[in-house]
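As structure tokens, the structure follows; a few thoughts come after it.
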Amino acid sequence: MGHLYFVRHGETVWNVENKICGATDIALTDRGHEQAIATGEELVRQGVHIDKILYSPLIRAAETARHISEITGVPRQAEPRLTEQCFGKWESTPRDGADFREAKKQFVERHEGGESMLHLAQRIYNLLDDVCAHADTVYLLVAHNGIARIVHSYFYEMTNEEYAGFGIKNCEIRRYDF
């Protein structure tokens with residue numbers, strides 16, 4: 001049985017402002033860079049073995065992966081399937097808005113120009129199937145909170161409400177076993 005690790009990117013300005021980033025390419029704050037560096041240091045401190053880092057090409061995840069790679073010495077590669085969901089009309093709106101909370105429960109809706117949860121799940125589940133097929137390789141996936149929801153749902157049973165409410169902190173490290 002193999003396993004993988006998941007890390008959400010470091011803090012961004014829109015995280016601080018409580019805005020939905022989605023597929024909008026938002027950079028890390030200074031604190032976000034510090035969080036990414038600390039995450040790399042924590043992985044080294046814990047002696048976590050990782051063979052390869054796959055990361056979302058959006059700058060906030062790419063920079064987080066770069067810091068982790070430089071500290072750990074683990075090679076990294078952009079993985080387009082890890083790009084955050086495009087939330088369409090919800091991009092840049094409040095993350096805790098009541099309407100958005102309800103919209104996250106609508107798995108088929110494309111949010112007026114965005115991507116449905118089902119399409120997102122398809123591409124992330126396909127990626128996880130590919131990673132699982134290489135169980136002898138330990139991957140670190142560096143991506144986004146929306147991707148974290150999908151990854152978690154791949155490994156654990158969740159209700160719609162649990163799925164919609166799930167989230168992880170910036171630069172939080174999660175381990176998932178196949």
Side-chain angles (χ1 to χ4, degrees), residues 1-12 15 21-23 25-28 32-86 104 107 115-160 162-178:
M1 294 294 285
H3 63 278
L4 65 82
Y5 294 91
F6 183 93
V7 169
R8 181 183 177 200
H9 62 77
E11 178 188 84
T12 69
N15 292 152
C21 294
D25 210 2
I26 303 296
L28 295 175
H33 285 282
E34 292 167 5
Q35 290 172 324
I37 290 166
T39 300
E41 291 169 348
E42 181 63 17
L43 290 166
V44 170
R45 188 189 71 70
Q46 289 183 20
V48 173
H49 172 78
I50 299 166
D51 296 304
K52 190 170 191 177
I53 299 169
L54 299 178
Y55 64 91
S56 161
L58 295 177
I59 193 167
R60 58 194 184 268
E63 284 293 287
T64 300
R66 180 181 63 81
H67 288 304
I68 293 170
S69 176
E70 288 173 352
I71 291 164
T72 62
V74 175
R76 68 188 190 276
Q77 175 184 328
E79 172 50 74
R81 291 178 288 182
L82 287 172
T83 302
E84 178 63 294
Q85 178 179 6
C86 177
K104 286 195 299 183
F107 298 138
E115 178 181 26
S116 75
M117 297 283 182
L118 291 179
H119 282 112
L120 176 65
Q122 178 186 15
R123 71 177 157 90
I124 298 303
Y125 280 19
N126 288 348
L127 170 64
L128 293 170
D129 287 346
D130 291 347
V131 166
C132 184
H134 300 282
D136 56 334
T137 302
V138 179
Y139 290 92
L140 168 64
L141 308 180
V142 179
H144 312 274
N145 207 32
I147 304 302
R149 264 186 224 95
I150 296 290
V151 170
H152 198 77
S153 76
Y154 183 90
F155 291 95
Y156 296 101
E157 184 81 21
M158 300 173 82
T159 66
N160 287 353
E162 289 168 336
Y163 175 86
F166 183 82
I168 66 172
K169 297 174 186 167
N170 293 108
C171 284
E172 182 177 336
I173 303 166
R174 291 275 178 128
R175 176 182 165 144
Y176 292 97
D177 296 306
F178 293 113

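Being a predicted model, the structure only gives us computed values, none of them experimental.
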Heavy-atom pair of closest approach, residues [X] and [Y]:
{"X": "Arg149", "Y": "Lys104", "answer": "NH2-NZ, 3.5 Å"}
{"X": "Glu41", "Y": "Ile71", "answer": "N-CG2, 3.7 Å"}
{"X": "Phe107", "Y": "Asn160", "answer": "CE1-OD1, 3.0 Å"}
{"X": "Leu82", "Y": "Ser56", "answer": "O-CB, 3.3 Å"}
{"X": "Tyr154", "Y": "Cys132", "answer": "OH-CB, 4.4 Å"}
{"X": "Glu84", "Y": "Gly146", "answer": "OE2-N, 2.9 Å"}

key: Salt bridge flag under 4.0 Å for residues Arg123 and Glu115   = yes
ask   = Are more than 12 heavy atoms from other residues, nucleotides or ligands located less than 6.0 Å from atom NE2 of His33?
value = yes
task = Keeping the roles fixed (side chain from Gln77, backbone from Lys52), state whether a donor-acceptor pair exists under 3.5 Å.
result = no
ask   = So, Asp51 side chain and Val138 main chain: donor-acceptor pair closer than 3.5 Å or not?
value = yes
message = side chain to side chain contact (heavy atoms under 4.5 Å, CB included), that's the test. Do Val74 and Ile68 meet it? Break it down for me.
response = CA-CA 8 Å; Val74 175; Ile68 293 170; over 6 Å; no
How many angstroms lie between atom [atom1] of [X] and atom [atom2] of [Y], to the nearest 0.5 angstrom?
{"X": "Glu157", "Y": "Glu162", "atom1": "CD", "atom2": "CD", "value": "8.5 Å"}
{"X": "Leu127", "Y": "Ile150", "atom1": "CG", "atom2": "CD1", "value": "12.0 Å"}
{"X": "Leu58", "Y": "Asp25", "atom1": "CG", "atom2": "CG", "value": "4.5 Å"}
{"X": "Thr64", "Y": "Ile37", "atom1": "OG1", "atom2": "CD1", "value": "10.0 Å"}
{"X": "Phe166", "Y": "Tyr156", "atom1": "CZ", "atom2": "OH", "value": "9.0 Å"}

Does a side-chain heavy-atom distance below 4.5 Å link [X] with [Y]?
{"X": "Tyr163", "Y": "Met117", "result": "yes"}
{"X": "Arg66", "Y": "Tyr55", "result": "no"}
{"X": "Leu4", "Y": "Leu128", "result": "yes"}
{"X": "Ile147", "Y": "Thr83", "result": "no"}
{"X": "Thr72", "Y": "Leu140", "result": "no"}

For residues 168-178, which side-chain donor-acceptor pairs fall under 3.5 Å, sequence neighbours excluded?
{"unit_1": "Asn170", "atom_1": "ND2", "unit_2": "His9", "atom_2": "O", "d": "3.0"}
{"unit_1": "Asn170", "atom_1": "ND2", "unit_2": "Gly10", "atom_2": "O", "d": "3.4"}
{"unit_1": "Asn170", "atom_1": "ND2", "unit_2": "Asn15", "atom_2": "OD1", "d": "3.2"}
{"unit_1": "Glu172", "atom_1": "OE1", "unit_2": "Lys169", "atom_2": "N", "d": "2.9"}
{"unit_1": "Glu172", "atom_1": "OE2", "unit_2": "Arg174", "atom_2": "NE", "d": "2.8"}
{"unit_1": "Glu172", "atom_1": "OE2", "unit_2": "Arg174", "atom_2": "NH2", "d": "3.2"}
{"unit_1": "Arg175", "atom_1": "NE", "unit_2": "Asp177", "atom_2": "OD1", "d": "2.9"}
{"unit_1": "Arg175", "atom_1": "NH2", "unit_2": "His3", "atom_2": "ND1", "d": "3.4"}
{"unit_1": "Arg175", "atom_1": "NH2", "unit_2": "Asp177", "atom_2": "OD1", "d": "2.9"}
{"unit_1": "Tyr176", "atom_1": "OH", "unit_2": "His152", "atom_2": "ND1", "d": "2.9"}

message = With side chain to side chain contact (heavy atoms under 4.5 Å, CB included) as the criterion, how do Cys21 and Arg60 come out once you've worked through the C-alpha distance, each side chain's angles and the decisive distance to 0.1 Å?
response = CA-CA 10 Å; Cys21 294; Arg60 58 194 184 268; 3.4 Å; yes
request  = Apply salt bridge (charged side-chain N to carboxylate O under 4.0 Å, His left out) to Arg81 and list each qualifying residue two or more places apart in sequence or on a separate chain.
outcome  = Glu79, Asp130
